[in-house]
Each structure stands twice: as structure tokens, then as C-alpha cells.
Asks: 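If you scroll down you'll find the structure; I have some questions about it.
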There are 2 protein chains.
Amino acid sequence: MHALQTQNGNVPSAVGGEAGRSIELAPGVALAGFVMRFERNEEVFAEEEDADFVYKVISGAVRDVRILADGRRQIGAFHMPGDVFGLECGEQHRYSAEAVVDCEIALVRRAALERAALRDGTTARKLWALTAGDLLKLQDHMLLLARKTARERVASFLMRMSGRAAAGDAFDLPMSRLDIADHLGLTIETVSRAFTQLERDHAIAMPAARRIVLNDRLALAEG
Amino acid sequence: MHALQTQNGNVPSAVGGEAGRSIELAPGVALAGFVMRFERNEEVFAEEEDADFVYKVISGAVRDVRILADGRRQIGAFHMPGDVFGLECGEQHRYSAEAVVDCEIALVRRAALERAALRDGTTARKLWALTAGDLLKLQDHMLLLARKTARERVASFLMRMSGRAAAGDAFDLPMSRLDIADHLGLTIETVSRAFTQLERDHAIAMPAARRIVLNDRLALAEG
DNA sequence: CGTCCCCTTGAGTTATTTCAACACTCGTGG
DNA sequence: CCACGAGTGTTGAAATAACTCAAGGGGACG
């Protein structure tokens, strides 16, 4: 089975004891689970795989990926530390999830979560709130994909990835230009040019390709 | 308050008795509600409005709309008869909903639904399933917006709107080319050209601008 | 030191948008 | 009955944003 044996033959190492470490999936919703390490580019779960677990990023970053028949790739979202992902209402995952960099990820059995939700209305509501939160984020992203220019898409992306970083703060992007392009519906070249252009316009500084310093005026470029 | 008094001063007419008509929101989840008529282009609810009701299309069609500061418009989804919409986890609607054509829409008080869900785990799960279903649809739409060509977007859209109609069947689109464009992230001209092109290639026939007859080969154009 | 991977940049191409004109339908009112 | 205007859809021509193809730079690592 997958969580203990990935398709590429790796055996991700369990950390913190297989048994009963408490994982907080939402405020006030903590269940027994365990933590595993995943290497850069390792698959956390695959499309069509049974959704037996729910996941939470402890450290690192995760992308979820879907592929069109002819190879076109789309990254639906990046999951950062603290984010819960892979929570499905149906029986199977509809997309695959991969570690962007080396990760620690907590796993909770979905069956346990479902039981808790069925017993307790408050837990059920928080579960629903998780899915509803994903929906809200996706709605914003849809607007970005449908109506924003390349420059605006990259600016919006940087604003989101900066998290609580203020103007003047530096932060690191864990993902490659290709990942960003596949998330924003662009090509790597267009993403690269947008970065260059934002830097030229003093909306950001780039001490390194993946290290970003924000300027106030980036917010204006968001559209 | 909105459901009884819309922003444009109209008073939508209640139908079937204000009190206690039973509305089925999901299989096995039926609550007391009432039915109202909305005219073409009338607002069902507004962005930022308190989400006091959950809605179900009885007849007609509804679009949900979000507007960017500079006027760019995006239609997140069309809701057809049988679809539930406007179900929020938070307190406010994040987008507005408008009648595409004259509609009959059932309303259920959200408070009643929340109470039912809190009491009964099965109801809570079905509520969650509704939101999760919206999320799945939106994920497909995201892929369309991010990675498909204009022709593929229109073909995919027609496949979805055709519902159970088979090749050779005709069906009517309730919405304008502008609505379609704003749903697919295109301009009206590009949408119009894609229709013309699909007809020229015998993927569809168009007895009228909004009346479509499918051909098998439309599926190939989907991408 | 060489190789691989990732990122950037330039030049030419293309899909889509923009701007403009025109056709069609449907009410309304003369 | 016809003229008129508003709303909607189609088409053409020019402009442009993003893509494709191609080359080269730089860091990490064996």
C-alpha cells in the first residue's frame, strides 16, 4: 500500500514514532497520526489512488499535479507548512501530490477522521470548512488564470507566497520556474521574463533566482 | 433584507407558498423552504451580502459573477435546474449570482441547514459533499483555463452544457456569447469564431446562435 | 574539469485580443 | 405597415501578449 511503499520503490522513513502522535488538522481537531519524510520530487500520493490518508505539511512544500492526456501539466496548488491537503470526499484522489523539496509530512487515516466527523457535528463542520477554504482559494486562482496578464499572475503569486513577509523582507521560493509556470498557466520563459521585468521596475529584488525581496509597489502590479 | 427586496427595487414573487414547501438539497436532505421567481439579469444575491440562504435552481439558469477592480468580469459557473448554489461556509457570499434567464429558484434558510447538519452527521456529510463537488468541477475548469486553446475551451463547454444530450440531439444555450466568454476566459469575438470554426469542421451544427446540435467528433475537439 | 540542471535572453511565430463594421431579431411607436 | 433603436452575434484587419525555438550563462556536484 502506498503510504508505506511508493511507486518508485522508495520506502519513506517514518519519524516521531509510527503510533499515535497527535496531528492537529484544524483548530480543535487533532487525531492520531504519524510523520513521514519525502524526498524532493517524490510522490506523496498518485491520481486514482485510494484516498486512505489526509496529509499535513510539517516542513517543506508540496505541489498537486494533474496531467492532460497529451502531456500538458497543471499544478493546482502548492501546500506550505501548516497546510492540510489530500482531503477527499470521494474514495479516490483526483490528482497526484509530489514533494517540491525534501519534506516532513504528517498522515492521518481518513477513516478515523470520518468517524470523528460522523460522531461530532463540530468536527464535521471544521472538515467542511477545510474543503470550503480550498474552494475559495481556487476561485481566486481561477480569476487569475482567466483574466490576469503574465505580469499580474506572477505578482499575485509572489504576494501569496510571501505569506506574512512585509515589504523589505526576503523569502525563498522552494519551487522551480517550471512549477510556477505550470501553476500560473504560462511557460517558463514568460515567467522568467515577468520576474526580470518586476525587478527592473523595482517591484521586487532578486538576490538569487529563488530568493525574493518585496517592495510595496508589488501590490500595485497584482491587478 | 435581500431575498425579499433586491437592490434594484424589484420584489421577486414568491411561488408555491412562503411557508414550508420541502426542498431537496441533496439525496435524503430535504428542508422547508420556498420558491421565488427572478427575472432575466436580476441579482439573486450580491457579493459581500450575508449568506442567509442556500439556493436551488428549479427552472432557468444562474451565473455566478465576480468582478475585478478594473471591470474585468469572470463567471465562475453556470447553475442549471437541479443545481444547488450559494452554499457558503463563511458568513458572506464571495461573489454575486444573477439569473441568466427568467428563473424559479428555491430558497432554504442556511441556519436551518446548519442546525440539521450539527445534529445529524449524515446530513453534515452530504453538505460537505456538495462543496467538495463544486471543488472538483472548479479543478476541471482551472485546467481548462490554464491549458486549453479557445477551440478546446468552447468544445469542452458545449460537452458539459449538453448534459445527457447525445450526438444528433439539439439543445439550447440559455446564455449569451458574452457570458460564455467571461466563463471561458476569452473575448466574445474569439468565442464566436470558435463556434463558427466548430460548425465548419462539422463538430456541431447551429440552427440558431443559441441552438446547438452535437456531432460525435466534438469530443475529439475537447483536448 | 566536465556535466547536468536551471534560469535567462533574443528573435521570430502564432493565438488571441482589439478595433471597426455590419447583419439579424425583436419590440415600440409613428 | 414600416421605421427605428437596442441588444446580440459574426466577420475582417491590425495589434499585441505570450509561445516556440535556439543559444548561452552560472551554480552544484561528482
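The model shown is predicted, which means the values in this text are computed figures rather than measured ones.
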Asks: Scan residues 198-205 of chain A against DNA chain C and write down, sorted by residue number, each residue with any heavy atom closer than 4.0 Å; if none is found, say none.
Replies: none
Asks: Please list all pairs meeting side-chain hydrogen bond (donor to acceptor under 3.5 Å, both in side chains) that have one or both residues in residues 81-91 of chain B, counting only residues at least two apart or in different chains.
Replies: B:Glu91-B:Arg110
Asks: Would you mind writing out the side-chain donor-acceptor pairs for residues 187-195 of chain B within the sub-3.5 Å range, not counting sequence neighbours?
Replies:
| unit_1 | atom_1 | unit_2 | atom_2 | d |
| --- | --- | --- | --- | --- |
| B:Thr187 | OG1 | B:Thr190 | N | 3.3 |
| B:Thr187 | OG1 | B:Thr190 | OG1 | 3.0 |

Asks: Kindly give the heavy-atom pair with the smallest separation between A:Pro174 and A:Ala61, and that separation in Å.
Replies: CG-CB, 3.8 Å
Asks: Looking at every non-hydrogen atom in both residues, tell me the closest pair between A:Tyr95 and A:Gly86 and how far apart they are.
Replies: OH-N, 4.0 Å
Asks: Could you list the residues that satisfy side chain to side chain donor-acceptor pair (under 3.5 Å) with B:Ser59, not counting sequence neighbours?
Replies: B:Glu104
Asks: So how far is it from B:Glu98 CD to B:Asp179 CG, rounded to the nearest 0.5 Å?
Replies: 8.0 Å
Asks: Of all of residues 138-155 of chain A, which get a heavy atom below 4.0 angstrom from DNA chain C, listed by number?
Replies: none
Asks: If you measure from the Lys or Arg side-chain nitrogens to the Asp or Glu carboxylate oxygens, is any gap between A:Asp182 and A:Arg73 under 4.0 Å?
Replies: yes
Asks: Below 4.0 angstrom, which residues in residues 174-186 of chain A have at least one non-hydrogen atom near DNA chain C?
Replies: A:Ser176, A:Arg177
Asks: Let's see if you get this right: which residues in residues 59-77 of chain A place a heavy atom under 4.0 Å from DNA chain D?
Replies: none
Asks: Using atom types as modelled and distance alone, determine if a side-chain donor or acceptor of B:Lys148 lies under 3.5 Å from a backbone N or O of B:Leu143.
Replies: no
Asks: Enumerate the protein-to-nucleotides 19-26 of chain C contacts in which both atoms are nitrogen or oxygen and the separation is below 3.5 Å.
Replies:
| unit_1 | atom_1 | unit_2 | atom_2 | d |
| --- | --- | --- | --- | --- |
| C:dC19 | N4 | B:Glu189 | OE2 | 3.0 |

Asks: Between B:Arg94 and B:Asp64, does at least one N-O distance fall below 4.0 Å, as a salt bridge requires?
Replies: no
Asks: With side-chain hydrogen bond (donor to acceptor under 3.5 Å, both in side chains) as the rule and sequence neighbours excluded, what pairs involving residues 128-137 of chain B come up?
Replies: A:Trp128-B:Thr131, A:Thr131-B:Trp128
Asks: Quick check: closest heavy atoms across B:Gly60 and B:Pro81, and the distance to 0.1 Å?
Replies: O-CD, 3.3 Å
Asks: Do the side chain of B:Arg63 and the main chain of B:His183 share a donor and acceptor less than 3.5 angstrom apart?
Replies: no
Asks: Pairs of donor and acceptor atoms involving the side chains of residues 213-223 of chain A, under 3.5 Å and at least two apart or interchain, shall be tabulated with distances.
Replies:
| unit_1 | atom_1 | unit_2 | atom_2 | d |
| --- | --- | --- | --- | --- |
| A:Asn215 | OD1 | A:Arg217 | N | 2.9 |
| A:Asn215 | ND2 | A:His202 | O | 3.4 |
| A:Glu222 | OE2 | A:Ser156 | OG | 3.2 |

Asks: Just wondering, are more than 12 heavy atoms of other shown residues or ligands nearer than 6.0 Å to CZ in B:Arg72?
Replies: yes
Asks: Going 5' to 3' along DNA chain D, which nucleotides are the first and last within contact of chain A (any atom under 4.0 Å from a heavy atom)?
Replies: D:dA18 to D:dC21
Asks: If the condition is side chain to side chain donor-acceptor pair (under 3.5 Å), which residues does B:Arg211 pass it with, not counting sequence neighbours?
Replies: B:Asp172
Asks: How far does CD1 of A:Ile180 sit from CZ of A:Phe78, to the nearest 0.5 angstrom?
Replies: 6.5 Å
Asks: Given atom CD1 of A:Ile188 and atom P of C:dT9, what is their separation to the nearest angstrom?
Replies: 13 Å
Asks: Of the non-hydrogen atoms in A:Thr196 and A:Met206, which two are nearest, and what is the gap between them?
Replies: N-CE, 4.3 Å
Asks: The side chain of A:Arg210 is closest to which nucleotide in this list: C:dC6, C:dT16, C:dT9?
Replies: C:dC6
